[in-house]
Amino acid sequence: MHPERSDPDGSGRRREPTDLYATVLEVVKRHSGGARITRVSYGAGMPVDRLRVLIDRLLSAGLLTSEEFEGRPVYDITPRGQEFLDTYWKMRGFVEGFASASPRDPAAPSLNPGSRPSRLTRDGGR
Amino acid sequence: MGEPMTETVVPKGGRVRLGVVAGDLRAEKNSSITSDGAVRVQGNASFHGNVDVDGNLECRSFESEDGRVCVRGSLSVDGDVRTDDGELEVTGPFRARQVDVDRKLILGGPATVERIEVGGLLQGASTLTATDVAVGGKIRLAGKLEAREINAGGSVELSDVSLDALDVGGTARIQGGEIRQRIQVGGKFEATGALSFGRLEVGGIVQFRDHAKGGVLHVGGVLNATKDLAFEGLEIGGVGAILGNGQGGSVAVGGRFSVGGRLELTGAFEVGGTASIHDVLRAERVKVGGKLDAEQVIVASTFEVGGFVGTRGGVKAARIEIGRRSQVEGPLVGGHVTIDRDARVEDVFGERVDLDRGAEARRVVAHEVHVGRGAAVSEVVYTRTFEADSSARVRATPQQVATLPPFPL
């Protein structure tokens, strides 16, 4: 059973390839260089056969490294993998910022929360 | 060398009642064990496949593989717990040294361990005390959590916490408490109760639903604080809103920022887009790229705005620079005030006021006044000097006085 199938930020939207790579990297990162594929599959919420394809891509892109431990491969994140994660979350931050800045977005935080109407909204910013 | 340890074997599908087990215990799949009070294993307890234990279990070390072990009672392990490709459920209190579980660890009672590592899910209904907790997937804890560091790749849902550090790849939702050193979350962080923390770095969204007090906050996307927020530094890439009062060191926001009450800073206030402060803004320095709306602005050194400024009570600063083509509603009170080219302002009070080319002001009250080419002003009151370009327009005759009237701020 794989209970975690949603997006890594918990938004519930369908995971895209970059989300999947980020999910796998975040899970691998938690196991301090000793992440076995079965363990990553439980953390990332995806079956081993599908995960193996993603891990091969991450290895070939230099975002993960692997070594043998007790006869089984274990994975670790590389500095380039960490760079991918930093960039991924930064980009997600921009996207969230844009979504919240859009006046049509009902989820946007209230920017004029007090009872006094803002001069900006009152005057339309002149 | 002592006597070799004996081994008690519970066969596949077997149902046995045990008390004290002199050596090791091995239980095969689909077996179940009941006890008279407690099963006390003096050696190692190992489980293969699904095994149920009805009652308390004590052992020196615990191993299981390929299945789910359910202990309906307490589990007390002197050494380590290791579960390969399996899960462990303990309904009562749990104690162990190092715990390593591949799939799921479900805890019904209070737990005390040194280190927990879980591949998939850690779930607890009561308190957890640990040094380090690392989970690949999800952590869900209902009781108080005391630990040095919590690490999760996916998401965490925590109750009251007392931690040094929280590091989560996806989302973190906590009830409240204290995170002394750092919070690092990739996606979304939410605190529903009061929280104090050290440094906070969140890639996406931060939501504080109660009072929060912390060190430096770096938020990539959106920050929303429902009540008061106190901080040493606040950096937001996108949008920020504090519905209560804000108090702290400095603020730097890339996009929009609003405060429902007052904002008091000992450092700089820099907003790239729009800023709206419902009450008073106090800061050492203010720089707003777009629009600033506040009841009143009090600045120790420089106030710089590139777009629109609207206040009821006015802006007071040692140095005021109103950018080119900017517009100001409300009085400006400064030491040296510069109104850049084609900017429009209302009343200006200062030591020295310079209106650049094409700038417009309603009333200027200052010791020294300079009105540039094509600039326009309705009324000028000064004490020392008044200079105006020949193309400048001054509606009423400039009035030189011995003492300036009192400034509004």
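Proteins come first, then strands; the chains are lettered A, B, ... in the order of their sequence lines, and each starts at number 1.
Top candidate by heavy-atom pairs under 4.5 Å with chain A, chosen from B:G204, B:A172, B:G186, is B:G186. The residue among B:N151, B:D84, B:D85, B:V118 with the most heavy atom pairs within less than 4.5 Å of chain A is B:N151. Heavy-atom pairs under 4.5 Å with chain B were tallied for A:R39, A:K29, A:H31; the largest tally goes to A:R39.
Using a 4.5 Å cut-off between heavy atoms, B:A152 touches chain A through its backbone atoms (N, CA, C, O) alone. Both the backbone and the side chain of B:D167 come within contact range of chain A, judged by heavy atoms closer than 4.5 Å. For a residue to count as touching a neighbouring chain, one of its non-hydrogen atoms must lie under 4.5 Å from one of that chain's; by this rule B:V185 does not touch chain A. Interface remark: B:V135 contributes backbone atoms only to the contact with chain A (heavy atom separation under 4.5 Å). Contacts between B:D100 and chain A at a heavy-atom distance below 4.5 Å involve backbone atoms as well as side-chain atoms. Of the atoms belonging to B:V168, it is backbone heavy atoms, and not side-chain ones, that fall under 4.5 Å from chain A.
A salt bridge is defined here as a Lys NZ or Arg NE, NH1 or NH2 lying under 4.0 Å from an Asp or Glu carboxylate O, and B:E157 with B:R173 fails to meet this definition. Ion pairing between a basic and an acidic side chain is recognised when a charged N comes within 4.0 Å of a carboxylate O; B:R148 and B:E114 show no such pairing.
In this structure the side chain of B:Q207 reaches within 4.5 angstrom of the side chain of B:R209, judged on heavy atoms.
At a cut-off of 3.5 Å, with distance as the only test, no side-chain donor of B:R115 or B:Q98 sits close to an acceptor on the other residue.
Of all the heavy atoms in A:R36 and A:V74, the pair that sits closest is CG-CG1, 3.7 Å.
The aromatic rings of B:F208 and B:F189 stand perpendicular to each other, their planes meeting at an angle above 60°, with 30° marking the opposite boundary.
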